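The model shown is predicted, which means the values in this text are computed figures rather than measured ones. Letters A, B, ... mirror the listed sequences (proteins, then strands); counts begin at 1.
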There are 2 protein chains.
Amino acid sequence: MIESIEASPVYPIANPKSIALFGASNNVTSMGTSLLDSVLDLGFEGEIYPIHPKENRVQNLKAYRSVLDLPNAPDLALIVLPTRIVSEAMDACGRKGIRHAIVISGGFKEVGGEGINLEKELVAVANKYGMRFLGPNCIGVANPRHKLNTTFMAFQGAPGFIGMASQSGSFVTQMFSYLSDYALGFSTAFSVGNEANIDIVDCMEYLGACPNTRVIALYIEGIRRGRAFVETARSIVPKKPIVALYVGGSEAGSRAGLSHTGALAGPDRLYEGIFRQSGIIRARSVMEMFDICWMLGSVPRTKGRRVVIQTHSGGPGVEAADACGRAGLELPSLSPETIKRLSPFIPRTGSISNPVDFTFGKNLIDYFSEIPKALLDEKNADILLFYFFMPSRRLERMMKQVGLPPDQITEKATKLVDAYSESIMRLFENHDKPFVGYTFQNLKDPLVRILIERGIPIFPGPQRAARAIEAAYRYTRLQGKILAAVSQEAGVGQS
Amino acid sequence: MIESIEASPVYPIANPKSIALFGASNNVTSMGTSLLDSVLDLGFEGEIYPIHPKENRVQNLKAYRSVLDLPNAPDLALIVLPTRIVSEAMDACGRKGIRHAIVISGGFKEVGGEGINLEKELVAVANKYGMRFLGPNCIGVANPRHKLNTTFMAFQGAPGFIGMASQSGSFVTQMFSYLSDYALGFSTAFSVGNEANIDIVDCMEYLGACPNTRVIALYIEGIRRGRAFVETARSIVPKKPIVALYVGGSEAGSRAGLSHTGALAGPDRLYEGIFRQSGIIRARSVMEMFDICWMLGSVPRTKGRRVVIQTHSGGPGVEAADACGRAGLELPSLSPETIKRLSPFIPRTGSISNPVDFTFGKNLIDYFSEIPKALLDEKNADILLFYFFMPSRRLERMMKQVGLPPDQITEKATKLVDAYSESIMRLFENHDKPFVGYTFQNLKDPLVRILIERGIPIFPGPQRAARAIEAAYRYTRLQGKILAAVSQEAGVGQS
């Protein structure tokens with residue numbers, strides 16, 4: 001376990017003040033130029049020194065013929081060059097005094113043959129100078145708070161609380177817009193590539209110490225340092241959750257992974273054991289991994305798995321109950337106190353059981369205030385699962401019929417959404433029980449959008465919500481087990 | 001099996017030329033008024049006769065004190081009245097000569113006690129006149145092609161190819177906007193309520209005969225006429241697929257269903273058997289049900305389950321392979337002919353195996369033309385699963401850097417999307433093998449949107465795609481079995 005985040009070899013790679021960039025040119029179709037463009041697009045605030053053998057200026061920046069010509073040694077070298085000249089560039093960086101690098105270039109171990117030797121040579125050069133580097137065959141780092149994006153994929157998404165270390169660069173770059181749709185983002189995301197020097201364990205350790213990271217996501221095709229992996233995870237899990245996706249367990253996934261990163265996947269059960277021992281929550285897909293991160297990074301820890309469901313529509317309530325049951329969650333009966341508290345608000349056609357079904361209550365505001373309040377206070381339940389559906393067109397038509405002019409309809413609709421969202425936010429912020437939403441509506445629906453932007457997880461469909469809740473409960477148990485084991489190892493609590 | 005769709009008792013209910021409406025008033029908050037509003041909002045083209053004891057006009061339509069005062073007998077009565085006066089209104093309809101009704105009102109069998117008697121009385125009145133009716137305790141019918149929407153939820157979504165019969169009204173009304181997001185819609189959707197007269201089997205039979213329905217979706221909390229259900233389904237499945245969601249099988253789902261519609265759910269295995277015997281494909285969630293409908297209504301029948309995956313990014317390719325493997329699909333090796341055909345188009349960093357990984361090929365148009373063409377011709381594969389990701393911001397930044405003015409960037413970006421989508425559409429339309437997409441991008445992404453609007457299923461994430469493909473293959477097998485059984489029963493093919 002590192003003392004502080006600055007002690008991590010990954011720190012200067014994720015937070016450089018200055019960058020020497022090899023491979024950018026005035027040819028816009030080159031990878032290196034795309035990469036420089038990404039760095040500029042996100043507004044990196046440090047110095048950027050393009051190194052180019054011929055050009056005086058690259059994309060309006062002063063260029064240098066050699067890294068040795070630079071006025072000082074930058075924190076980081078970013079290398080996107082043809083495979084055969086990467087080691088040479090690395091050596092020049094070493095001589096200049098640069099101690100950290102990201103090698104984007106591919107053509108090393110992953111292609112076999114001569115590539116294996118080229119990678120050995122690269123490692124030897126780095127070792128000669130005590131350099132640490134990420135890659136090769138990776139897309140680098142995205143640290144939006146530091147305005148750093150070394151991937152070739154330009155983006156301007158907001159920073160978030162998910163720290164990621166991935167053996168696939170695509171699951172960093174191709175998730176930028178996906179996460180934005182959910183009002184989520186990366187704290188810092190690493191593509192680790194061939195892991196010739198810095199590996200997924202180093203990145204996990206960094207993210208464990210990163211104050212902006214509330215939850216860690218790992219995409220794994222194969223783990224190389226098994227023991228270090230387990231030990232590092234176990235030191236992090238008492239403080240923050242780790243969610244992992246391992247796809248090598250099925251035969252099809254394993255074969256595809258071999259041709260992708262050359263990772264030799266182990267049997268599914270072996271990895272299952274590693275994750276359990278590490279206290280890591282396993283996800284079954286990339287989308288589920290981010291669902292679990294959303295849940296764990298947004299709501300308080302759940303103490304149990306007893307879910308109470310609130311709905312105003314029978315079918316969606318029944319489906320949520322079914323989804324919870326199938327995910328291994330419990331649906332407790334309501335206590336007499338709660339039933340008494342709810343009865344003034346639920347019409348005769350509704351149902352005061354679990355799910356609580358509001359049906360067509362007179363005052364829709366009750367649905368967003370008194371009812372969920374009573375359910376968050378319910379002593380028999382650990383979590384509230386809440387159904388969102390705003391019949392916007394119906395409400396607008398009704399207002400039109402009472403003769404409201406169009407501008408007042410818009411104003412009134414906005415006011416309603418504001419009142420509902422404020423009410424929900426007050427409950428969310430003042431209770432230590434998880435409040436989780438589900439909906440079949442688009443996440444751009446006004447009420448849903450406001451709430452997810454303010455930090456409430458609202459899942460598309462009850463199945464995704466139920467599985468995320470189950471995973472959150474799994475974390476509570478895993479965390480407890482590891483804390484118990486740690487205190488036992490420390491010689492306390494052995495009674 | 002009915003001779004023609006017009007022979008179905010459901011036909012006049014889904015296709016009325018004139019409607020007598022009980023319960024609408026000049027009070028905009030009443031259910032009946034919302035319902036009238038829905039009918040008007042979608043632009044119903046037939047006559048509407050509001051029946052109101054006091055008003056001369058209701059929502060600008062001439063109102064009648066009694067249904068007996070109407071100039072003629074409308075095709076359909078739509079009843080949204082307090083429970084205790086529903087039978088009386090029904091009786092008046094019978095006397096007038098109306099032979100079809102939808103009873104929206106609740107408070108009947110589903111609430112128990114006196115409600116049970118009220119429902120018996122209602123059935124007796126209908127039988128007296130030979131009337132057929134949908135409900136009570138339902139939200140009626142949406143038939144967008146006929147511009148009919150009797151639900152209280154106004155909508156203007158486009159018609160589609162999914163026919164639905166549902167024991168939850170919410171899964172009709174609250175899916176309007178959900179389906180629009182996927183460029184899908186209902187052909188006709190029925191909420192069957194308490195099924196006192198017309199039931200889910202009648203609606204299924206109607207949808208089986210409906211020329212606009214390519215696939216039937218059923219939401220089931222409990223089946224009452226088991227034998228008729230199986231026989232009707234078996235007569236439809238040779239022509240079109242039926243997809244069902246049954247949530248009563250888990251204990252939690254069963255208990256919630258009981259309080260919702262009063263349906264007594266059977267054990268999961270019993271229903272599993274009924275569905276298998278009927279040739280019905282079972283879905284595990286509402287979203288999965290519509291995914292399977294999307295697949296089956298959009299692509300040609302798949303002959304087998306051998307999937308070839310095309311990607312330009314390693315991680316998404318590996319995850320798709322894993323998802324296919326876990327869904328029980330096969331990933332065949334490519335034939336030598338296909339490998340030879342592909343080799344000019346795949347760069348050295350890519351991979352000509354399954355998944356086929358384009359990585360960073362020079363000509364992106366090959367990704368949308370020559371490569372999928374070769375894969376659709378692959379004799380070892382039955383289905384092509386294709387990864388969609390357009391790095392729009394990156395492309396736009398590149399164009400900006402070569403000095404293109406903003407309007408030309410927009411124009412060029414549109415042209416690129418048009419070229420790619422045209423190329424894909426040509427392949428889609430000229431091959432008899434299923435072409436299925438997956439993406440992590442928002443379905444509003446320009447390329448994805450164009451293609452889904454033109455009828456290509458592009459699933460959010462590879463798991464949903466893989467499960468839909470597996471379900472389509474299940475249909476091929478179920479259909480084959482039922483056709484074989486039918487011809488055996490008919491005394492042919494017994495060799």
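- Using a 4.5 Å cut-off between heavy atoms, A/Asp41 touches chain B through backbone and side chain atoms alike.
- Within the 4.5 angstrom heavy-atom criterion, only side-chain atoms of A/Ser34, from C-beta onward, approach chain B.
- For A/Asp181, the part lying under 4.5 angstrom from a heavy atom of chain B is the side chain only.
- Contacts between A/Leu443 and chain B at a heavy-atom distance below 4.5 Å are absent for every atom of the residue.
- The part of A/Phe171 that comes within reach of chain B is its side chain, from C-beta onward, which places non-hydrogen atoms under 4.5 angstrom from that chain.
- The contact between A/Met175 and chain B is made entirely by side chain atoms (from C-beta outward), counting heavy-atom distances below 4.5 Å.
- If you take CZ on B/Phe290 and CZ on A/Phe440, they are separated by 9.0 Å, rounding to the nearest 0.5 Å.
- The residue among B/Lys444, B/Lys400, B/Gln59, B/Arg348 with the most heavy atom pairs within less than 4.5 Å of chain A is B/Gln59.
- B/Gln441 places no side-chain N or O within donor-acceptor distance of the main-chain N or O of A/Tyr178, the cut-off being under 3.5 Å.
- Evaluation of the salt bridge (charged side-chain N to carboxylate O under 4.0 Å, His left out) rule for B/Glu396 yields no partner, not counting sequence neighbours.
- For a residue to count as touching a neighbouring chain, one of its non-hydrogen atoms must lie under 4.5 Å from one of that chain's; by this rule B/Tyr182 does not touch chain A.
- Among B/Ser38, B/Gly317, B/Ala154, the residue with the largest count of heavy-atom pairs under 4.5 Å with chain A is B/Ala154.
- With a threshold of 4.5 angstrom between heavy atoms, B/Phe152 approaches chain A through its backbone and through its side chain.
- Salt bridge status for B/Arg326 with A/Asp268: present, with a side-chain N to carboxylate O gap under 4.0 Å.
- With a threshold of 4.5 angstrom between heavy atoms, B/Gln174 approaches chain A through its backbone and through its side chain.
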